[in-house]
Amino acid sequence: PDEDSADAEPQLGDEEWTVPVSIGTPPQGFKLDLDTGSSDLWVFSTLLSKEEVNGQSLYDPNKSTTAAKMTGYTWDCHYGDGSFSSGYIYQDTVTIGGVTVAKQPVEVAKTVAPQFTQDTALDGLVGLGFWTINTAEPKKQKTFFENAAPNLEKGLFTADLKHEAPGSYNFGWIDENAHASNITYADVDSSDGYWMWTSPGYAVGDAKGINKTAIRGITDTGTTLLLLPDDVVDTYYGQVDGATWAEEWSGYVFDCNTTVPDFSFAVDNGTAKVTVPGEYLNYAENGDGTCYGGIQSDYGVGFSIFGDIAIKSAFVVFDQQNLKLGWASK
Ligand SMILES: N#Cc1c(N)n[nH]c1N1CCCC1
């Protein structure tokens, strides 16, 4: 049933993907970033000062006949990159990819960080993590997916992001035409509110076996890069000619003409693996002839992050009903 499908438009050179979302009656349209690394659905609103708005679409609850203020409720998000947003909460009808949730808590922004004001590609976020890290007070609120799941065929959603091309998110079903290999599942530990799992190892380039080392991390569509443990990162860049850790870029860089090897991470007991093409791992030009790597250290985060660079290399199943994460090549 392809009506439960949302096209995801890549923004800013595969830095983030947004999908069209309708809120309210009559529907107000927004471009929101589906983010499996957080659990608040928030949107730019008419409550913001004009200095904080730079062309984004503004949700106006007063123009929606189905909006209902959640009196006394507030929300306050702080993200790992230092950005933030906060405000009040209304319940309203939300539709994404043909799936509608009535009375979805919609967090309306009264304050947003400069990073959001400057990001004209995005009108807000749809958190697709677990409700336990939702920031609503006095009571945490469920995500769009947690509210939609009981009415879906399967309690799962899938991400099929693509390199420099539109991708898609599906809710409640698996598009068997969207993946080439079988889907291999890993257990999810949701105790920290994330899609946390453990890869049993990795390989650099066309190496046949895998380096058996546990990589515990979250699968996070809201993070652009692939952030891994220092020993894995050092091993990888040890095979990239001339790669160095550059203070000025706070990360590994290499000459832009360098051939960058693939990186594979194993799923389950290593029977299956996802290969990230070297092309994706030459992430961005620094402007001085060096390029910034798509693999960087997860130092200080507390876990690794399988961000968009990994997710766009696979067909990914976020199975909330069975607490599994499925990976397939495509
Ligand atoms: N930092 C960070 C981050 C993350 N790990 N997932 N989503 C994030 N953001 C969404 C909007 C801004 C940052």
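The residues of the chain are indexed from 1 along the displayed sequence. Each ligand, and each atom within it, is numbered from 1 in the order the structure gives.
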Engineer: Once rounded to the nearest 0.5 Å, what's the spacing between atom OG1 of Thr219 and atom CD1 of Ile311?
Structural biologist: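 The CD1 atom of Ile311 is 6.0 Å from OG1 of Thr219, to the nearest 0.5 Å.
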
Engineer: Will you find, in the side chains of Thr258 and Asp241, an N or O donor that is under 3.5 Å from an N or O acceptor?
Structural biologist: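 No donor-acceptor contact under 3.5 Å links the two side chains.
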
Engineer: With distance as the sole criterion, is a donor-acceptor pair present between the side chains of Asn211 and Thr213 under 3.5 Å?
Structural biologist: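 Their side chains do not contain a donor-acceptor pair, so the 3.5 Å distance test is not met.
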
Engineer: Output all residues satisfying side-chain hydrogen bond (donor to acceptor under 3.5 Å, both in side chains) with Asp192, sequence neighbours left out; order by chain, then residue number.
Structural biologist: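 By the side-chain hydrogen bond (donor to acceptor under 3.5 Å, both in side chains) rule, Asp192 matches no residue at all.
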
Engineer: For ligand 1, give me the residues whose heavy-atom distance to it is below 4.0 Å, by chain and number please.
Structural biologist: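 These residues qualify: Asp35, Tyr79, Gly80, Asp81, Ser83, Phe116, Leu125, Asp220, Gly222, Thr223.
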
Engineer: Write out all pairs satisfying disulfide bond (SG atoms under 2.5 Å apart) with one or both partners inside residues 187-227, taking only residues at least two apart or from two chains.
Structural biologist: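 For residues 187-227, and leaving out neighbouring residues, there are no disulfide bond (SG atoms under 2.5 Å apart) pairs at all.
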
Engineer: Could you work out, with side chain to side chain contact (heavy atoms under 4.5 Å, CB included) as the rule, every residue matching Asp175, not counting sequence neighbours?
Structural biologist: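 Asp175 satisfies side chain to side chain contact (heavy atoms under 4.5 Å, CB included) with Asn170, Trp173, Asn177, Ala178 once adjacent residues are dropped.
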
